[in-house]
Amino acid sequence: MDKTKKLANGLEMPRLGLGVWRVEETDATNSVKWAIENGYHLIDTAAIYKNETGVGKGIAQSGIKREDLFVTTKLWNDDQGYETAHQAFNDSLERLGLDYVDLYLIHWPVEGKFNDSWRAMEEIYASGRAKAIGVSNFHQHHIEELMTTAKIKPMVDQIELHPTLTQENLREYLAKEGIAVEAWSPLGQGKILQNPTLTEIGKKHNKTAAQVIIRWHLQSDIIVIPKSVHEERIKENFDVFDFELSEDEMKQIDHLNINERLGADPDNFNF
């Protein structure tokens with residue numbers, strides 16, 4: 001399997017990376033270093049995670065060339081709007097200690113503001129300080145509303161996605177529009193790791209349920225960013241390129257869908 005996915009603008013984005021949601025600043029530094037040591041090239045953070053500085057330190061301490069990494073951060077809701085988005089982006093770059101990010105995302109579709117935020121992001125993209133721009137937690141109707149004023153289509157939509165929330169209709173729409181799908185909470189926040197279907201499939205391949213889920217994402221053309229603060233788990237999560245799920249196994253996992261959200265619905269959030 002190709003370890004990168006080509007975005008609409010031609011940029012190659014790693015298909016498997018490290019997420020750092022709910023990771024403390026100091027833990028983020030170690031997690032990022034361990035991830036890079038074990039072959040990860042995609043690191044995903046956000047302003048609201050309050051760990052961009054720790055992520056930046058981990059990158060700096062890893063010794064990896066900047067051009068060999070793909071770093072994502074996100075614009076928080078309080079900072080949405082044209083001028084505030086510009087300032088928030090500058091602040092994120094400073095905390096990360098970087099000259100540019102590879103992907104900048106609008107974190108949530110704040111009504112009445114995301115179109116202005118996107119205008120700022122298009123300018124940031126044009127400046128070269130973000131190599132790609134996209135959105136997070138956008139339903140189809142949010143993207144359609146965004147495109148009434150946008151000049152550039154989002155290149156990525158990062159959404160809650162796991163075997164009990166497969167979001168097939170949204171994924172079909174995004175594929176048709178040439179927008180890459182990226183999953184947050186890809187392991188269902190650990191709540192499905194004891195699922196008998198997943199554990200049985202894992203036994204056949206000598207893999208854990210988590211590895212089976214990550215492989216399911218990859219074979220479903222989904223970019224995936226599992227989180228961990230444990231070195232062994234970080235290493236284990238990346239060890240998924242040496243086996244393949246059968247068509248029948250993929251269908252079994254698809255059928256675990258119960259449209260179960262573990263996070264907020266993008267149509268009904270108050271933060």
Side-chain angles (χ1 to χ4, degrees), residues 1-21 23-47 49-75 88-105 121 123-134 136 152 154-156 158 180 182-184 186 214 217-218 221-242:
M1 172 180 282
D2 191 350
K3 291 188 179 181
T4 63
K5 179 175 178 63
K6 187 174 284 191
L7 303 183
N9 68 343
L11 187 67
E12 297 281 352
M13 181 172 180
R15 292 181 182 271
L16 175 55
L18 177 76
V20 293
W21 178 52
V23 175
E24 296 293 328
E25 193 93 70
T26 51
D27 290 333
T29 300
N30 286 328
S31 295
V32 167
K33 277 196 298 183
W34 292 332
I36 292 169
E37 285 168 8
N38 284 287
Y40 290 71
H41 293 277
L42 166 61
I43 309 294
D44 179 279
T45 184
Y49 299 170
K50 308 290 186 195
N51 58 21
E52 288 173 312
T53 301
V55 167
K57 284 180 182 174
I59 292 168
Q61 291 174 20
S62 74
I64 195 171
K65 291 180 182 174
R66 173 64 186 94
E67 59 268 26
D68 292 338
L69 269 189
F70 193 106
V71 180
T72 301
T73 194
K74 310 177 193 79
L75 173 69
F89 178 75
N90 292 338
D91 292 344
S92 281
L93 275 191
E94 189 173 334
R95 286 189 292 267
L96 286 162
L98 301 176
D99 296 325
Y100 69 93
V101 295
D102 299 273
L103 178 62
Y104 195 43
L105 303 176
M121 292 176 72
E123 292 176 2
I124 291 165
Y125 175 64
S127 76
R129 293 182 304 146
K131 303 300 181 185
I133 51 175
S136 181
I152 300 169
M155 296 156 198
V156 173
Q158 185 184 118
E182 184 175 15
W184 63 261
I214 292 167
H217 281 285
L218 294 173
D221 197 24
I222 299 162
I223 297 162
V224 59
I225 44 170
K227 176 199 98 175
S228 182
V229 295
H230 304 290
E231 186 172 11
E232 279 308 305
R233 188 63 54 77
I234 288 169
K235 191 174 182 179
E236 177 188 292
N237 287 344
F238 202 75
D239 185 21
V240 293
F241 293 99
D242 60 349

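Residue indices begin at 1 and follow the sequence shown.
With sequence neighbours excluded, no residue satisfies ring pair (Phe, Tyr, Trp, His ring centres under 6.0 Å) with Tyr100. The side-chain contact (heavy atoms from CB on, under 4.5 Å) test applied to Glu12 returns Thr4, Lys6, not counting sequence neighbours. For the side-chain contact (heavy atoms from CB on, under 4.5 Å) test, residues two or more places apart in sequence or in another chain that qualify with Asn9 are Leu7, Leu11, Tyr125, Ala132, Met155. Residues that satisfy the side-chain contact (heavy atoms from CB on, under 4.5 Å) test with Lys5, not counting sequence neighbours, are Arg15, Ala180, Asp221, Ile223.
Tyr49 is not listed as a side-chain neighbour of Val23, based on a closest heavy-atom distance of 4.5 Å or more. Looking at heavy atoms from C-beta onward, Thr53 lies in side-chain contact with Lys57 at the 4.5 angstrom threshold. Taking 4.5 Å as the limit, some side-chain heavy atom of Leu98 sits within range of a side-chain heavy atom of Arg66. Using a 4.5 Å heavy-atom threshold, the side chains of Val55 and Leu96 count as touching. With a 4.5 Å cut-off on side-chain heavy atoms, Phe70 and Met13 count as touching.
When all heavy atoms of Gly17 and Pro226 are compared, the pair lying nearest together is O-CD, 3.3 Å. Pairing each heavy atom of Asp44 with each of Glu182, the nearest pair is OD2-OE2, 4.0 Å. Closest approach of Gly134 to Pro154, counting heavy atoms only: CA-CB, 4.0 Å.
In the displayed structure, Asp99 atom CG is contacted under 6.0 Å by at most 12 heavy atoms of other residues, nucleotides or ligands.
Between Ile225 atom CD1 and Ile214 atom CD1 the span is 11.5 Å, to the nearest 0.5 Å. Between atom OH of residue Tyr104 and atom CD1 of residue Ile133 there is a gap of 11.0 Å, rounded to the nearest 0.5 Å. Taking CG from Leu18 and OG1 from Thr72, the interatomic distance works out to 11.0 Å, rounded to the nearest 0.5 Å. To the nearest 0.5 angstrom, Leu75 atom CG is 9.5 Å from Leu105 atom CG.
Asn51 contributes no side-chain N or O that, together with a main-chain N or O of Ala28, makes up a donor-acceptor pair within less than 3.5 Å. Side-chain N or O atoms of His217 include none that pairs as donor or acceptor with a backbone N or O of Ile222 at under 3.5 Å. Judged by distance alone, with hydrogens and angles left aside, the side-chain atoms of Ser92 form no donor-acceptor pair with the main-chain N or O of Phe89 at under 3.5 Å. Side chain of Thr45 to backbone of Thr73: no donor-acceptor contact under 3.5 angstrom is found. The closest donor-acceptor contact from the side chain of Lys74 to the backbone of Ala47 lies at 3.5 Å or more, if one exists at all.
Within the structure, the side chain to side chain donor-acceptor pair (under 3.5 Å) test picks out the following pairs touching residues 24-33 (sequence neighbours left out): Lys33-Gln61. Here salt bridge (Lys or Arg N to Asp or Glu O under 4.0 Å) pairs that include residues 222-242, with residues two or more places apart or in two chains, are Lys207-Asp239, Lys207-Asp242, Arg233-Glu236.
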(request) Could you check Tyr40 against Val32 for side-chain contact (heavy atoms from CB on, under 4.5 Å), going step by step and ending with a plain yes or no? (result) CA-CA 9 Å; Tyr40 290 71; Val32 167; over 6 Å; no
(request) Report the C-alpha separation of Arg129 and Asn90 in whole Å, then their side-chain angles, then the decisive distance to 0.1 Å, and conclude whether the side-chain contact (heavy atoms from CB on, under 4.5 Å) test is met. (result) CA-CA 10 Å; Arg129 293 182 304 146; Asn90 292 338; 2.7 Å; yes
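Exactly one residue among Ile59, Leu103, Leu42 makes a side-chain contact (heavy atoms from CB on, under 4.5 Å) with Val71. That residue is Ile59.
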